[in-house]
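Input: a single structure, listed below in structure tokens.
Values below: all heavy atoms of this structure, side chains included; hydrogens, waters and symmetry mates excluded.
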Amino acid sequence: MMVQPVPGEPVAVATCGTERVLVLADYHAGLEVALRRDGVELRSAADQRRAALVSLVDRERPDRVLVLGDLSNAIGYPGDEERDELDALFADLTERVPVTVAKGNHDGDLDDVVAELGYDDAVTVTEGPGVRLGDVGFAHGHTWPSRECVEAEMLCIAHEHPQVRLEDEVGGGRTERAWLRGQVNPDPFREHFEEPVDVAGEFVMFPAFNDRVGGTWVNQQRSFLSPFLPEGMHEAEAYLLDGTRLGDYRRV
């Protein structure tokens with residue numbers, strides 16, 4: 001497979017031409033700062049997040065790390081605590097590999113932060129429609145992906161923080177992060193671009209790397225945040241992080 005999830009982890013390894021790319025989504029650095037403003041007191045997990053990602057980079061040995069948007073949590077310019085978390089993360093990552101961020105809706109000022117922290121030679125921040133590397137398109141999903149991304153053999157998106165709500169016969173249940181994988185439906189993209197689009201590829205929707213952000217219960221909620229979903233996908237199946245195949249996400 002061109003994009004292969006790492007078993008047990010909310011990341012995947014993508015083969016993009018000659019590059020092996022470690023891909024993750026929705027890191028949301030500084031999340032605890034925002035929660036604190038809302039009256040929720042949680043100790044910062046910044047060090048644990050960074051250690052987990054750096055450990056995966058050391059283990060998988062990719063040529064690049066690519067973040068599918070929302071690396072940061074602040075919609076605008078981040079405060080000092082979030083900025084410090086980003087600085088420490090960039091320091092650890094860029095001494096190993098270059099980093100690409102497909103800008104998400106929470107990354108509005110990220111390119112300015114990258115430049116001010118001095119990482120603009122090693123960290124590339126793309127615009128909202130995403131970036132294509134080889135035969136794989138990468139876009140956060142809060143806005144329409146570029147035509148170039150949509151026409152790739154594989155389209156990687158995020159933004160939804162997909163989860164499944166699993167219940168037993170007596171009403172007990174749990175929520176788990178999940179992957180969605182299936183075929184791209186070309187119809188909404190042809191309507192959006194108002195011209196023929198060569199779409200015949202697959203898509204994969206990434207779970208959030210940050211396990212504190214909540215998400216969309218895809219098996220119980222039919223509305224999505226992305227403007228091209230659910231119409232832009234069909235034959236989509238859900239998978240747990242450990243690789244368990246749950247089948248059609250609508251019937252889980």
Side-chain angles (χ1 to χ4, degrees), residues 1-27 52-71 89-90 92-104 107 110-111 114 119-160 162 179-184 186 189 193 197-209 226 228 232-233 236-237 239 241 243:
M1 293 183 183
M2 219 176 308
V3 177
Q4 183 64 53
V6 176
E9 305 288 351
V11 303
V13 174
T15 302
C16 304
T18 59
E19 276 197 326
R20 192 167 179 270
V21 182
L22 185 74
V23 188
L24 66 141
D26 294 292
Y27 189 91
L53 180 52
V54 169
S55 175
L56 285 166
V57 172
D58 289 342
R59 190 176 84 193
E60 299 297 326
R61 302 183 66 83
D63 301 304
R64 175 179 303 275
V65 166
L66 189 145
V67 183
L68 277 173
D70 288 1
L71 174 62
L89 178 64
F90 288 145
D92 280 353
L93 290 180
T94 58
E95 70 177 14
R96 292 166 168 82
V97 290
V99 176
T100 297
V101 181
K103 183 180 281 189
D107 296 319
L110 184 63
D111 37 5
V114 167
Y119 295 104
D120 42 339
D121 287 339
V123 179
T124 302
V125 182
T126 76
E127 292 304 312
V131 62
R132 179 168 169 172
L133 301 178
D135 293 323
V136 186
F138 301 95
H140 182 60
H142 64 300
T143 188
W144 289 85
S146 69
R147 177 172 180 155
E148 186 180 33
C149 287
V150 172
E151 291 186 332
E153 291 184 31
M154 176 69 75
L155 173 64
C156 296
I157 57 174
H159 187 51
E160 302 288 343
W179 301 85
L180 286 189
R181 191 165 196 148
Q183 295 292 318
V184 176
F189 296 102
F193 290 112
V197 181
D198 184 15
V199 178
E202 297 178 272
F203 80 92
V204 57
M205 183 188 293
F206 277 61
F209 187 87
S226 295
F228 52 90
M233 62 182 181
E237 296 191 325
Y239 296 80
L241 296 192

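Looking at heavy atoms from C-beta onward, V136 lies in side-chain contact with C156 at the 4.5 angstrom threshold. Using a 4.5 Å heavy-atom cutoff, the side chains of L24 and E9 are not in contact. Two residues are said to be in side-chain contact when any heavy atoms from C-beta on lie closer than 4.5 Å; R181 and V3 meet this criterion. With contacts defined as side-chain heavy-atom distances shorter than 4.5 Å, the pair V197/P186 does not qualify. By the 4.5 Å heavy-atom criterion applied to side chains, V123 and L93 are not counted as neighbours.
Across all non-hydrogen atoms, the minimal contact from A139 to G128 is CB-O, 4.5 Å. Smallest separation of non-hydrogen atoms from A122 and T94: CB-CG2, 3.6 Å. Nearest approach of R96 to D58, heavy atoms of both residues: NE-OD1, 2.7 Å.
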N/O donor to acceptor pairs below 3.5 angstrom from side-chain atoms of residues 147-155, sequence neighbours left out:
from : atom 1 : to   : atom 2 : distance (Å)
R147 : NE     : E151 : OE2    : 3.1
R147 : NH1    : E195 : OE2    : 2.2
R147 : NH1    : P196 : O      : 3.4
R147 : NH2    : E151 : OE2    : 3.4
R147 : NH2    : P196 : O      : 2.8
E151 : OE2    : D198 : N      : 2.9

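Not counting sequence neighbours, the partners of F189 by the ring pair (Phe, Tyr, Trp, His ring centres under 6.0 Å) test are W144, F228. Legend: residues meeting side-chain hydrogen bond (donor to acceptor under 3.5 Å, both in side chains) with S226, ordered by chain and number and at least two apart, are E160. Residues passing the ring pair (Phe, Tyr, Trp, His ring centres under 6.0 Å) test with Y27 are F209, sequence neighbours excluded. By the side-chain hydrogen bond (donor to acceptor under 3.5 Å, both in side chains) test, D63 is found to be paired with no residue, residues two or more places apart in sequence or in another chain being considered.
The line from CG of L68 to CE of M205 is 11.0 Å long, rounded to the nearest 0.5 Å. The CD1 atom of I157 lies 7.5 Å from the CE atom of M233; values are rounded to the nearest 0.5 Å. Going from atom CG of D70 over to atom CG of D26 covers 5.0 Å, rounded to the nearest 0.5 Å. Rounded to the nearest 0.5 Å, atoms CG (L53) and CG (L22) are 6.5 Å apart. The OG atom of S146 sits 9.0 Å away from atom CZ of R132, with the distance rounded to the nearest 0.5 Å.
Under the side chain to side chain contact (heavy atoms under 4.5 Å, CB included) rule, V114 has a single partner from V101, V125, V99, which is V125. Across F203, Y239, F206, a single residue satisfies ring pair (Phe, Tyr, Trp, His ring centres under 6.0 Å) together with W179, and that is F206.
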> V131 and L66: side-chain contact (heavy atoms from CB on, under 4.5 Å), yes or no, with the steps?
Replying inline: CA-CA 10 Å; V131 62; L66 189 145; 4.3 Å; yes
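Looking at D107, its side chain does come within 3.5 Å of a backbone N or O of L71 through a donor-acceptor pair.
Applying the salt bridge (Lys or Arg N to Asp or Glu O under 4.0 Å) test to residues at least two apart or on different chains, the pairs with a partner in residues 11-21 are E19-R64, R20-E60.
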